[in-house]
Each structure stands twice: as structure tokens, then as C-alpha cells.
Amino acid sequence: RGKRAFIAGVADDNGYGWAIAKSLAAAGAEILLGTWVPALNIFESSLRRGKFDESRVLPDGSLMEITKVYPLDAVFDNLEDVPEDIKANKRYAGSSKWTVQEVAESVKNDFGSIDILVHSLANGPEVTKPLLETSRNGYLAAISASSYSYVSLLKHFIPIMNPGGSSISLTYIASERIIPGYGGGMSSAKAALESDTRVLAFEAGRKHKVRVNAISAGPLRSRAAKAIGFIDMMIDYSIVNAPLQKELSADEVGNTAAFLASPLASAITGAVIYVDNGLNAMGVGV
Ligand code: NAD
């Protein structure tokens, strides 16, 4: 049978999660999505109304099928974690079973197992603030939504991942080099995510024969990136300075994810793979 993938962090057709879903679908995988609760209604209605049909087209001309969309908020592990104001919030009260543990249980009940887990989500409420001006709460929120969310997803999904399975997250070079403007503790959150990629690769590999890798992606004009505020400048900078002077397409990241999820990558784990037109290799801009 074909492989089954759960992709967390898709709420429109502009981001890396959508492109990864398409590349996996093109390679024959069944697609399950986890969509942030507050974005769920608009995403599902747009999907139903055909708003994404043009971007659902796969290389063979068929449309990507999405088998099921699960509501998800990856900052909550289980119901006991959810504060009253969130429970009472209209957008959250309209859905149920959206904590990480409950989503993993639902996927298990619906499908039994998965082969591929993708984490394509991040959030840093103070991302536009320099680190020196970031509050403790803002910093911890960035880590919770962008780093621990991955530990939690893998922890809850790994019992239903088939041996030989593959898990992928998305990171950014601000974890290891100074990128002014990527603030609020987001650079710290990506550093944690990359370090965790190695430790999780060891634990998941030994215990479950599951591979764990991260893709360090170049700049893409996604919804999340537009909220940071400097994305056009980063895209221009890359086109001027990278070894490959072209705009990065989300599909190039999607295709790398499909490779990492496939048996072609059966010895790759604990790695951070750059998909950035080579910009990471430059020492100075020219
Ligand atoms: P995106 O907006 O398409 O994806 C981010 C998603 O995270 C959104 O769908 C949002 O709804 C979801 N989300 C936020 N908080 C959540 C929560 N608590 N629970 C569940 N979902 C939540 O933007 P993107 O840029 O494609 O981001 C995907 C990943 O790629 C992120 O990890 C991001 O840091 C990484 N990345 C992006 C770029 C870039 O330039 N766009 C570069 C390198 C890495």
C-alpha cells in the first residue's frame, strides 16, 4: 500500500506545508492535514469552494486529494493543558479534540498508523522585537509553539508510526547565523528545533526505526513570513547573493521532503538539510 502522511501546519496554499503535501501526494502518499484551530473554518471552506483547485494540480494533471483535515493546536498536549479562556473562545469551542494527544488518538482510530510526520508550523508573538527587547512570556511562547510542539507531536505520533517511517520539520538559518529581524526568541526556537532533531533522531531511530530530519529552508513569501515583515528583503538578498540566483519555490522544499520521506534517504537521520539555493554557504554578500 502507499504511505500515509500527517502534515501539521497547513492553513492555506502559500506555505511550505502545502507544497510538502503536494510533493508527497505526487509520490503516491495519502494526505492528512493538521490545521491550526483559529484558521480551520476559512481553510476548509476555501477548500470546499474550490479556491485551492488551481494549486492542487499535481505534475500528472490530477488534483491532490486531502483525505482528512484535523483541527490542531500544537501548544496544548491534552485537555488538562487548555485554559478556560481558550475553551470558551468561539473559534475553539466550535471544534473538538484538537490537542496533540487527541489528534494522535483520532488519527489512530481513523487510520491505524502513519508513515510520515511533517511539522511545518511556527509562532512567535514577539517575532518583530529584537531579542534584547523580548519578554520572558514571548520567548517561552516562541519555544512552545515552534520547538516543543515538535517534541510533543513526535512523542504522541511515534507509537502509530510504522518502522521505516520518517519525520521532518522546517527550520531557518537564523538558528546559527545572525539574521536581524528574526526576533522574539524565534532564532532560539529554531536552534532548539535543530538540536532536538539530533536527539530525537537517536531516540526515535533506536526505539522505533523512525528517521528524524529538518529542512533549513530559504525565504518564502508565506503567510507566517509576511507577518515577520522583512520577507521581501530576504528574498531579494538571496537572489543577489546566493550561488543560485533565482527565487526559491516552495516546491523545491516539498520535493526535498518527499526525498527525505522516501527509501532513497534510508540512511539519512539527525540531519539538517539546506534547501536555500546555497545561500548558507556564502561567507560574504557579493
Ligand atoms: P505558513 O503560514 O504556511 O505555516 C505556518 C503554519 O503554522 C500556519 O498554517 C499556522 O496556522 C500554523 N500554526 C501556528 N501556530 C500553530 C499552533 N499553535 N498549532 C498548530 N498550527 C499552528 O508559513 P511557512 O513559512 O510555510 O511556515 C512553515 C514552517 O517553515 C515554519 O516552521 C517556518 O518557521 C519554516 N520556515 C519558513 C521560512 C519562510 O521564509 N517562509 C523559511 C525557513 C523556515
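Counting starts at 1 for both ligands and their atoms, in listed order. Just so you know, these numbers use all the heavy atoms, side chains as well, and skip hydrogens, waters and symmetry mates. Numbers here simply count residues along the sequence, with the first being 1.
- Contact annotation for Ala145 and ligand 1: no heavy atom of the residue comes within less than 4.0 Å of the ligand.
- No donor-acceptor contact under 3.5 angstrom links the side chains of Thr99 and Asn78, judged on distance only.
- Partner of Val253 under the side-chain contact (heavy atoms from CB on, under 4.5 Å) criterion, chosen from Leu170, Ile168, Leu220: Leu170.
- Protein heavy atom nearest atom 23 (O) of ligand 1, with residue, atom name and distance: Ser222 OG, 3.1 Å.
- For the residue pair Ser147 and Ala192, the shortest heavy atom distance occurs at OG-CB, 3.9 Å.
- Surrounding CG of Leu63 are more than 12 heavy atoms belonging to other residues, nucleotides or ligands, all under 6.0 Å away.
- Between Asn137 and Ser135, the side chains place no donor N or O within less than 3.5 Å of an acceptor N or O (distance only, hydrogens not considered).
- Counting heavy atoms under 4.0 Å from ligand 1, residue Asn123 touches it through the side chain alone.
- Below 4.0 Å from some heavy atom of Ala217 lie the following atoms of ligand 1, by number and element: 42 (C), 43 (C).
- When only interatomic distances are considered, the shortest N/O to N/O separation between Asp12 and ligand 1 does not fall below 3.5 Å.
- Not a single heavy atom of Met186 lies less than 4.0 angstrom from ligand 1.
- Remark: Lys3 NZ is packed, more than 12 non-hydrogen atoms of other residues, nucleotides or ligands lying under 6.0 Å away.
- Here the OG-OH distance, from Ser188 to Tyr139, works out to 3.5 Å after rounding to the nearest 0.5 Å.
- In summary, the atoms of ligand 1 found under 4.0 Å from a heavy atom of Ala122, numbered by their order in the structure, are 7 (O), 14 (C), 31 (C), 32 (O), 34 (O).
- Ranking protein heavy atoms by distance to atom 5 (C) of ligand 1, first place goes to Ser120 O, 3.7 Å.
- Using a 4.0 Å cut-off to heavy atoms of Pro219, the atoms of ligand 1 that qualify are 40 (O).
- Remark: minimum distance from atom 38 (C) of ligand 1 to any protein heavy atom is reached at Tyr16 CE1, 3.6 Å.
- Looking at atom 18 (N) of ligand 1, its nearest protein heavy atom turns out to be Asp73 OD1, 2.9 Å.
- Taking the charged nitrogens against the carboxylate oxygens, Lys87 and Glu84 do have a contact shorter than 4.0 Å, which makes a salt bridge.
- Under a 3.5 Å cut-off, the side chain of Arg211 and the backbone N or O of Leu260 do form a donor-acceptor pair.
- Scanning the protein heavy atoms around atom 7 (O) of ligand 1, the nearest turns out to be Leu121 CB, 3.3 Å.
- No more than 12 heavy atoms of other residues, nucleotides or ligands shown are found within 6.0 angstrom of NZ on Lys207.
- At a 4.0 Å cut-off, not a single heavy atom of Ala39 sits close enough to ligand 1 to count as contact.
- Using 4.0 Å as the threshold, Gly218 has a heavy atom nearer than that to some atom of ligand 1.
- The nearest protein atom to atom 11 (O) of ligand 1, hydrogens excluded, is given as Trp36 CB, 3.3 Å; this is a heavy-atom distance.
- At most 12 non-hydrogen atoms from other residues, nucleotides or ligands lie less than 6.0 angstrom from CD1 of Ile178.
- Contacts between Ile231 and ligand 1, counted as non-hydrogen atom pairs separated by less than 4.0 Å, involve the side chain only.
- Summarising the contacts of atom 30 (O) of ligand 1 with Leu170, Val253, Ile228, the nearest heavy atom is found in Leu170.
- In this structure, of Ile20, Leu220, Asn14, Ile215, the residue bringing a heavy atom nearest to atom 40 (O) of ligand 1 is Leu220.
- In terms of polar-atom proximity, Tyr172 is not counted as a contact of ligand 1, lacking any N or O under 3.5 Å from an N or O of the ligand.
- Contacts between Lys190 and ligand 1, counted as non-hydrogen atom pairs separated by less than 4.0 Å, involve the side chain only.
- Arg91 contributes no side-chain N or O that, together with a main-chain N or O of Val37, makes up a donor-acceptor pair within less than 3.5 Å.
- Of the protein's heavy atoms, Thr171 O, 3.1 Å lies nearest to atom 44 (C) of ligand 1.
- Against a heavy-atom cut-off of under 4.0 Å, Gly9 is close to the following atoms of ligand 1: 4 (O), 6 (C), 9 (O).
- Distances from ligand 1 to the non-hydrogen atoms of Ile173 include no value under 4.0 Å.
- Shown in contact with Ala224 at under 4.0 Å from a heavy atom are these atoms of ligand 1, numbered in order with element: 1 (P), 2 (O), 23 (O).
- Under 4.0 Å is where a charged nitrogen must lie from a carboxylate oxygen, and between Glu247 and Arg221 at least one such pair does.
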>> As a quick check of understanding, evaluate side-chain contact (heavy atoms from CB on, under 4.5 Å) for Asp110 and Thr67, giving each step before the final call.
In response: CA-CA 11 Å; Asp110 293 345; Thr67 304; over 6 Å; no
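- Between the side chains of Tyr150 and Thr197, no donor-acceptor pair of N or O atoms lies under 3.5 Å.
- Applying the 4.0 Å criterion to heavy atoms of Ala74 picks out, from ligand 1, the atoms 17 (C), 18 (N), 19 (N), 20 (C).
- Here is the list of ligand 1 atoms found below 4.0 Å of a heavy atom in Gly15: 3 (O), 26 (O).
- Of all atoms in ligand 1, numbered sequentially from 1 with element shown, those under 4.0 Å from a heavy atom of Leu72 are 19 (N), 20 (C).
- Remark: the backbone N or O of Asn123 is paired with a side-chain donor or acceptor of Ser146 at under 3.5 angstrom.
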